[in-house]
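The next block holds one structure in the form of structure tokens; read it before the comments.
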Amino acid sequence: MSEIRVRFAPSPTGFVHVGSLRTALFNYLFARHHHGKLILRIEDTDQTRYVQGAVENMIKVLSWAGLDYDEGPDRGGNFGPYYQSQRLDLYHDHVQRLIDADQAYPCFCSEERLQSMREKQAAHNLPIMYDGTCRHIPTDVARKRMREESHVVRLKVPSQGETVVDDLIRGRVAFRNNLLDDQVLLKSDGYPTYHLANVVDDHLMQISHVIRGEEWLPSTPKHILLYQAFGWHTPQFAHLPLLLNPDRSKLSKRQGDVAVEDYQQKGILPEALINFVALLGWNRGDDQEIFTLEELVQSFTLKRVNKAGAVFDLHKLEWMNGYYIRHIKEERYLQIGLQWMGKLGLDSGNRQTNENILKAIRPALNTFADLPEKTAMFFADTLNYEEEALQWIRKEKSKEIFSRLLKELESYPQLTVNDFGSVMKGVQKSTGCKGQDLWMPVRAAITGMTHGPELPLVLLVFGKNKITRFIKQALNL
RNA sequence: GGCGCGUUCGUCUAGCGGUCUAGGACGCCGGCCUCUCACGUCGGUAACACGGGUUCGAUUCCCGUACGCGCUACCA
């Protein structure tokens, strides 16, 4: 087999859909696994939907996710340009070839006529498709009208036989030709439709495998017919299962976050999102669920891609993100955490202290967006005591613990995390309290709560002055 | 309406005719760990859509039904 070349071909219509990311990922994994090439191609053929900055955004997201490609708008390559809007001449030439070969024809039908045609078809429960009116216009007449009238160009789909898609994931799927529409190839504004541009570019860019979402399966026979009309070999197709909303409809805005940018803002790590999304419709066949990108590359095959759509379960994503937060190198965790604290305006005024805060809450953190909530106790100047905390503070023995603690504290001008062991041991000795009876009053007095991160870590962040202040305050409750 | 795809615990999934009293993960519940929460750890909960075939034997193969979804644009 010749070289493996796949492409990721998004439309620049704004944010990056997580479904797009998954498609990009699978293409990436397939390319890398087979030592082939991945091409990024921008399908900007719909001028009405184009969004400024969307391409830059797309590129940024791919880079964030760690998905690098070999050819693309910002990377060059021998098969450019990689913007379809810059390939218009190519499409025109190819359409002309099709018309000359009687494989396509101009259509002059107005929007209104098509509209009423569809209404009639719907009323009679007939399949809704172009009725072929302009198919039979004599060539010379058509040629003349083309110069004068607004028109589109349609593919002349055979009325007999069937077209078979041999899908790498779904197997053989057959479509009857007479139920295939005469697809518009060239719009009246001179831009190609997805179908034309896609086929022409995939051929010209020597794409060997078309890996895309399942929503494209119904139009694939038209694409195959197009390849045949041009006399080209068809690439292999693989249609990925859809990503679904909790109600099992196609994953969409309105039912939650679908943009990769949304997840970035939630404080999801790229490795977590990638890992999670890789498992939506693919698994290795064993029990492993945590994969690095490299492991995914090694393990990925189309054979193990599922057919059924997969619900995007935010719960599991957040769990997985928490897993990554706890397992990435501490250095990286701190670096990212510090960035987030800065962004969120969470600052103790001291970098070391900020790091200590991050270390203290690490086991409880699932996303970085939870930072304000999880770190709130470290930034509070006054305490709101929980009822249960007050009960601990007001226990008989507590006052004694507090007094002893204050006394012990005096002998430590500077407090380190290790000192706490000694301090608390000292308190334990002099009061006879231990375990919960010893620690809970202290926790309650200092945080106003009966739960939270490990106390030594909390105390380390608070420092001697704040601890002393809160303990004294508790003494008067 | 037409065409197409799909259907194993609530969710992601393993299973490729007997190994299934159906395995793992998230969630949920409980135990342990522990000053608490979390983490970790151990255990529990929960599924083969339905009906026909084929077969000695179907979660696994075939057909049908149901349900879900996708497509049905001069959007991709």
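What you see below is based on every heavy atom in this structure, not just the backbone, and it leaves out hydrogens, waters and symmetry mates. Numbers restart at 1 for each chain; the letters A, B, ... are given by sequence-line order, proteins then strands.
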Practice prompt. Let me know which of His203(A), Arg7(A), Gln84(A), His223(A) forms a side chain to side chain donor-acceptor pair (under 3.5 Å) with Asn198(A).
Written response: Arg7(A)
Worksheet item: Counting any heavy atom closer than 4.0 Å, what does Leu280(A) reach on the DNA or RNA strands: base, sugar-phosphate only, or nothing?
Response: sugar-phosphate
Fill in: CE-CG distance between Met320(A) and Asn366(A), expressed to the nearest 0.5 angstrom
12.0 Å
Worksheet item: Do the side-chain N or O atoms of Arg248(A) get closer than 4.0 angstrom to the phosphate oxygens (OP1, OP2) of C12(B)?
Response: yes
Discussion item. Considering every strand and a 4.0 Å limit on heavy-atom distances, what is the contact class for Glu318(A): base, sugar-phosphate, or nothing?
Written reply: nothing
Worksheet item: Can you tell which of A38(B), C26(B), G70(B) lies closest to the side chain of Leu242(A)?
Response: G70(B)
Item to complete: Go ahead and name the base partner of G40(B); Watson-Crick or wobble counts if both distances stay under 3.5 Å, otherwise write none.
Response: C32(B)
Item to complete: Check every atom of G4(B), C71(B), G1(B) against the side chain of Pro218(A) and return the nucleotide holding the closest atom.
Response: C71(B)
Discussion item. Counting only heavy atoms and a strict 4.0 angstrom limit, can you tell me which residues of residues 393-400 of chain A come near RNA chain B?
Written reply: none
Discussion item. Can you classify the ring geometry of His239(A) versus Phe237(A) as parallel (below 30°), tilted (30 to 60°) or perpendicular (above 60°)?
Written reply: parallel
Worksheet item: Do any side-chain nitrogens or oxygens of Asn366(A) fall under 4.0 Å of OP1 or OP2 in C39(B)?
Response: no
Worksheet item: Do Phe291(A) and Phe276(A) have ring centroids that are under 6.0 Å from one another?
Response: no
Worksheet item: Within the pair Asn283(A) and U13(B), is there a side-chain N or O less than 4.0 Å away from OP1 or OP2?
Response: no
Worksheet item: Base, sugar-phosphate, or nothing: which does Gly281(A) touch, judged by heavy atoms less than 4.0 Å apart?
Response: sugar-phosphate
Worksheet item: Paired with C56(B) by Watson-Crick or G-U wobble geometry, both distances under 3.5 Å: which nucleotide is it?
Response: G18(B)
Worksheet item: Start at the 5' end of RNA chain B and walk down; is the nucleotide closest to His451(A) or to Val311(A) reached first?
Response: Val311(A)
Fill in: Centroid under 5.5 Å and tilt under 30°, Trp439(A) to C35(B)
yes
Worksheet entry | Integer angstrom distance from the C1' of U72(B) to that of C56(B) | 48 Å
Discussion item. What's the closest nucleotide to the side chain of Asp287(A) if the choices are C5(B), C12(B), G23(B)?
Written reply: G23(B)
Worksheet entry | Short N-O contact, Arg145(A) and Glu148(A), less than 4.0 angstrom | no
Worksheet entry | Glu289(A) vs Ala174(A), nearer the 5' end of RNA chain B by closest nucleotide | Ala174(A)
Worksheet item: With a non-hydrogen cut-off below 4.0 angstrom, is Arg212(A) in contact with a base, only sugar-phosphate, or nothing?
Response: nothing
Item to complete: First locate atom CG of Asp286(A), then atom OG of Ser299(A), and finally report the distance between them rounded to the nearest 0.5 Å.
Response: 7.5 Å
Discussion item. Looking only at the side chains, is there a donor atom on one of Thr45(A) and Arg87(A) sitting less than 3.5 Å from an acceptor on the other?
Written reply: no
Worksheet entry | Nearest-Å distance once atom C1' is located in both C9(B) and C29(B) | 15 Å
Worksheet entry | Touch class at under 4.0 angstrom, heavy-atom based, for Phe312(A) against every strand present | nothing
Discussion item. Please give me the minimum heavy-atom distance between Arg135(A) and Val157(A), naming the atom from each residue.
Written reply: NH2-O, 3.0 Å
Discussion item. What contact category does Gly452(A) fall into here, base, sugar-phosphate, or nothing, at under 4.0 angstrom with non-hydrogen atoms?
Written reply: base
Item to complete: Return no unless some side-chain N or O of Arg284(A) is found under 4.0 Å from OP1 or OP2 of U13(B).
Response: no
Worksheet item: Counting any heavy atom closer than 4.0 Å, what does Ala308(A) reach on the DNA or RNA strands: base, sugar-phosphate only, or nothing?
Response: sugar-phosphate
Response to the item:
Under a 3.5 Å limit on both distances, the Watson-Crick or wobble mate of A73(B) is none
Response to the item:
Taking G15(B), U13(B), C39(B) as options, the one with an atom nearest any side-chain atom of Arg304(A) is G15(B)
Item to complete: First locate atom CG of Leu405(A), then atom OG of Ser398(A), and finally report the distance between them rounded to the nearest 0.5 Å.
Response: 11.5 Å
Item to complete: May I ask you to say what Asp437(A) touches in the nucleic acid, namely base, sugar-phosphate or nothing, with a heavy-atom cut-off under 4.0 Å?
Response: nothing
Worksheet item: Below 4.0 angstrom, N of the basic side chain to O of the carboxylate: do Glu43(A) and Arg49(A) qualify?
Response: no
Worksheet item: Where does the angle between the aromatic ring planes of Trp216(A) and Tyr194(A) fall among parallel (under 30°), tilted (30 to 60°) and perpendicular (over 60°)?
Response: parallel
Item to complete: Can you tell me the pairing partner of A66(B) across any strand shown, Watson-Crick or G-U wobble, with both distances under 3.5 angstrom?
Response: U7(B)
Detail all sub-3.5 Å separations between protein N/O atoms and N/O atoms belonging to nucleotides 72-76 of chain B.
{"residue": "U72(B)", "atom": "O2'", "partner": "Ile128(A)", "partner atom": "O", "Å": "3.0"}
{"residue": "C74(B)", "atom": "OP1", "partner": "Arg118(A)", "partner atom": "NH2", "Å": "3.4"}
{"residue": "C74(B)", "atom": "OP2", "partner": "Arg118(A)", "partner atom": "NH2", "Å": "3.4"}
{"residue": "C74(B)", "atom": "O2", "partner": "Ser188(A)", "partner atom": "N", "Å": "2.7"}
{"residue": "C74(B)", "atom": "O2", "partner": "Ser188(A)", "partner atom": "OG", "Å": "2.7"}
{"residue": "C74(B)", "atom": "N3", "partner": "Ser188(A)", "partner atom": "OG", "Å": "2.8"}
{"residue": "C75(B)", "atom": "OP2", "partner": "Lys187(A)", "partner atom": "NZ", "Å": "2.9"}
{"residue": "C75(B)", "atom": "O2'", "partner": "Asp46(A)", "partner atom": "OD2", "Å": "2.8"}
{"residue": "C75(B)", "atom": "O2'", "partner": "Arg49(A)", "partner atom": "NE", "Å": "3.3"}
{"residue": "C75(B)", "atom": "O2'", "partner": "Arg49(A)", "partner atom": "NH2", "Å": "3.4"}
{"residue": "A76(B)", "atom": "OP1", "partner": "Thr45(A)", "partner atom": "OG1", "Å": "2.9"}
{"residue": "A76(B)", "atom": "OP1", "partner": "Lys187(A)", "partner atom": "NZ", "Å": "2.6"}
{"residue": "A76(B)", "atom": "OP2", "partner": "Tyr194(A)", "partner atom": "N", "Å": "3.2"}
{"residue": "A76(B)", "atom": "O3'", "partner": "Ser11(A)", "partner atom": "OG", "Å": "2.7"}
{"residue": "A76(B)", "atom": "O3'", "partner": "Glu43(A)", "partner atom": "OE1", "Å": "3.4"}
{"residue": "A76(B)", "atom": "O2'", "partner": "Ser11(A)", "partner atom": "OG", "Å": "2.7"}

Item to complete: Report the nucleotide, chosen from C35(B), U11(B), C5(B), that has the shortest atom-to-atom distance to any side-chain atom of Asp313(A).
Response: U11(B)
